[in-house]
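Beneath this line is the structure, given in structure tokens, with notes to follow.
What you see below is based on every heavy atom in this structure, not just the backbone, and it leaves out hydrogens, waters and symmetry mates.
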Amino acid sequence: MKGQPAGPQRIVCLTEEPTETLYALGAQDRIVGISGFTVRPPQARREKPKVSAFTSAKVEAILALKPDLAIGFSDIQADIAAELVRRGVEVWIANHRSVEGILDYIERLGALVGLPAEARAYADGLRRGLDAVEAQAALLPRRPKVYFEEWDEPIITGIRWVGELIRIAGGDDIFPELSVEPLAKARILANGDPVVERAPDIILGSWCGKKFRPERVATRPGWERIPAVRDGELHEIKSPLILQPGPAALTDGIGGIAAIIARWSQRQARSGN
């Protein structure tokens with residue numbers, strides 16, 4: 001039958017990254033419900049009903065939308081997915097954790113909604129953007145050691161795609177061994193001593209759902225010895241830009257990281273360090 005695009009027509013997005021991707025592919029009309037944490041693109045918040053959070057969802061409200069697909073992310077949404085499946089909704093839970101995984105996710109989502117060529121072109125454009133950032137970073141005079149903190153109590157670090165973006169942007173993540181751990185509970189630091197020992201030049205914070213407080217970080221016991229604290233290199237990357245494994249992280253997220261690293265590197269060069 002001509003006229004109707006292939007794939008699901010009534011999609012509920014339980015996290016932000018499918019929403020941003022579908023808007024970018026021109027398939028926003030198929031979205032019938034979104035996560036309440038969605039901020040990208042801004043018009044999605046104005047146009048679409050909010051039916052879920054990270055770990056909970058308004059199941060009856062979702063069912064009332066008569067979706068033919070719900071899209072979520074990771075073990076965090078396993079209970080939501082199970083309930084929707086029991087209620088007869090088809091669910092896709094993605095579990096991508098790397099930069100290449102994000103790009104592959106975009107292409108898989110595009111194929112799922114019958115827009116494979118558009119998704120491939122979009123992903124290729126994002127790849128070119130990352131390549132451009134990496135090429136600029138290669139010209140920097142020094143690479144900083146970077147600590148990224150996604151939560152403060154307990155301290156959680158080591159998200160794989162963030163570590164990869166830090167590398168592309170010209171820095172070195174100080175906890176690369178934690179990036180192989182997909183679950184946050186496996187990336188908890190018992191205390192802040194390992195951060196002090198690894199002496200990052202830059203601290204990036206993105207506390208999911210709340211504002212990063214550099215003044216609190218700076219007063220942790222022993223952290224005054226960290227070069228980043230000594231030099232005032234504590235910066236927030238807004239969580240919607242980096243903690244969602246979607247287009248935002250590969251555009252504005254890495255852009256923010258790259259700008260911070262470039263400023264640090266240039267200051268070091270001027271000071272002769």
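Side-chain contact between Arg220 and Val195: absent, with no pair of heavy atoms (C-beta onward) separated by less than 4.5 Å. Side-chain contact between Leu84 and Leu14 is present, with at least one heavy-atom pair separated by less than 4.5 Å. Using a 4.5 Å cut-off on side-chain heavy atoms (C-beta onward), Pro8 and Val113 make contact. In this structure the side chain of Leu130 reaches within 4.5 angstrom of the side chain of Ile254, judged on heavy atoms. Looking at Val146 and Ile260, their side chains never come closer than 4.5 Å, going by heavy atoms from C-beta outward. Contact annotation: the side chain of Val89 approaches that of Leu63 to within less than 4.5 Å [non-hydrogen atoms, C-beta and beyond].
Atom CG of Asp104 sits about 8.5 Å away from atom OG of Ser98, to the nearest 0.5 Å. Note that CZ of Arg198 is 4.5 Å distant from CZ of Phe175, once rounded to the nearest 0.5 Å. Atom CD1 of Ile34 sits about 7.0 Å away from atom OH of Tyr23, to the nearest 0.5 Å. From Trp207, atom CH2 reaches atom CD1 of Ile237 across 14.0 Å, with rounding to the nearest 0.5 Å. Atom CG in Leu189 sits 8.0 Å away from atom CD in Glu149 (nearest 0.5 Å). Leu109 contributes atom CG, which lies 9.0 Å from atom CG of Leu115 (distance to the nearest 0.5 angstrom).
With hydrogens and angles ignored, the 3.5 Å screen pairs a side-chain donor or acceptor of Gln9 with a backbone N or O of Gly7. No donor-acceptor pair closer than 3.5 Å links the side chain of Gln244 to the backbone N or O of Pro240. With hydrogens and angles disregarded, no donor-acceptor distance shorter than 3.5 Å links the side chain of Ser35 to the backbone of Glu16. The backbone N or O of Phe148 sits less than 3.5 Å from a side-chain atom of Thr157, completing a donor-acceptor pair. A side-chain donor-acceptor contact under 3.5 Å links Ser179 to the backbone of Pro176. Lys50 contributes no side-chain N or O that, together with a main-chain N or O of Thr38, makes up a donor-acceptor pair within less than 3.5 Å. Between the Arg30 side chain and the Arg10 main chain, no donor and acceptor come within less than 3.5 Å of each other. In this structure, Ser56 contributes its side chain and Ala53 its backbone to no donor-acceptor pair below 3.5 Å. Using a distance-only test at 3.5 Å, with no hydrogens or angles considered, no donor-acceptor pair links the side chain of Glu20 to the main chain of Gly246. Counting only distance, with no hydrogens or angles, the side chain of Lys145 and the backbone of Ala199 share a donor-acceptor pair below 3.5 Å.
In terms of heavy-atom proximity, Tyr122 sits nearest to Pro247 at OH-CB, 3.2 Å. Pairing each heavy atom of Ser74 with each of Ile93, the nearest pair is N-CG2, 3.4 Å. The two residues Pro200 and Ile226 come nearest to each other via the heavy atoms O-CG2, 3.4 Å. Closest approach of Cys13 to Thr19, counting heavy atoms only: CB-OG1, 3.1 Å. Closest approach of Val99 to Leu250, counting heavy atoms only: CG1-CD2, 4.1 Å. The minimum heavy-atom distance between Ala169 and Ile261, with the atom names listed, is O-CG2, 3.7 Å.
Between Glu134 and Arg167, at least one side-chain N (NZ, or NE/NH1/NH2) sits under 4.0 Å from a carboxylate O, which counts as a salt bridge. Between Arg160 and Glu100 there is no salt bridge, since no side-chain nitrogen of the basic residue lies less than 4.0 Å from a carboxylate oxygen of the acidic one. In summary, Arg267 and Asp231 do not engage in a salt bridge, as defined by a charged side-chain N under 4.0 Å from a carboxylate O. With respect to the salt-bridge test (charged N to carboxylate O, under 4.0 angstrom), the residues Glu60 and Lys58 do not qualify. Ion pairing of Asp252 with Arg40 is present here, as a side-chain N (NZ or NE/NH1/NH2) and a carboxylate O approach within less than 4.0 Å. Between Asp124 and Arg127 there is a salt bridge, with a side-chain nitrogen of the basic residue lying less than 4.0 Å from a carboxylate oxygen of the acidic one. Salt bridge status for Glu153 with Arg216: absent, with no side-chain N to carboxylate O gap under 4.0 Å.
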Step-by-step side-chain contact (heavy atoms from CB on, under 4.5 Å) determination, Ile155 to Tyr147: CA-CA 12 Å; Ile155 295 175; Tyr147 167 63; 3.0 Å; yes

Run the numbers on His96 and Phe73 for ring pair (Phe, Tyr, Trp, His ring centres under 6.0 Å), then give the verdict. CA-CA 8 Å; His96 50 292; Phe73 175 71; 5.2 Å; yes

For the pair Ile202 and His235, evaluate side-chain contact (heavy atoms from CB on, under 4.5 Å) and give the outcome as yes or no after the intermediate values. CA-CA 8 Å; Ile202 295 172; His235 307 275; 4.1 Å; yes

If you apply the rule side-chain contact (heavy atoms from CB on, under 4.5 Å), what do you find for Leu126 with Ile102, and how did you get there? CA-CA 10 Å; Leu126 293 171; Ile102 295 171; over 6 Å; no

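A parallel orientation is assigned to the rings of Trp92 and Tyr105, their planes being inclined by less than 30° (bins at 30° and 60°). Classification of the Phe54-Phe37 ring pair by plane angle, with boundaries at 30° and 60°, yields parallel.
Under the 4.5 Å side-chain heavy-atom criterion for ILVMFWY residues, a single connected hydrophobic cluster contains both Ile188 and Val196. Hydrophobic cluster membership is shared by Trp264 and Ile166, with clusters built from Ile, Leu, Val, Met, Phe, Trp and Tyr side chains linked at under 4.5 angstrom. Using a 4.5 Å cut-off between side-chain heavy atoms of Ile, Leu, Val, Met, Phe, Trp and Tyr, with links allowed through other members, Leu243 and Ile203 fall into different hydrophobic clusters. By the criterion of side-chain heavy atoms lying less than 4.5 angstrom apart, applied directly or through intervening Ile, Leu, Val, Met, Phe, Trp or Tyr residues, Leu65 is not grouped with Ile11; the two fall into different hydrophobic clusters. In this structure, Leu140 is a member of the same hydrophobic cluster as Leu204, with clusters built from ILVMFWY side-chain heavy atoms closer than 4.5 Å.
Under a cut-off of 6.0 angstrom, the local environment of CG in Asp131 is crowded, with over 12 non-hydrogen atoms contributed by other residues, nucleotides or ligands. Atom NZ of Lys185 has 12 or fewer heavy atoms from other residues, nucleotides or ligands within 6.0 Å. Enclosure of atom CD in Gln136 is not indicated, since only 12 or fewer non-hydrogen atoms of other residues, nucleotides or ligands lie within 6.0 angstrom.
In summary, of the residues considered (Glu150, Glu181, Glu177), a salt bridge (charged side-chain N to carboxylate O under 4.0 Å, His left out) with Arg187 occurs for Glu150 alone.
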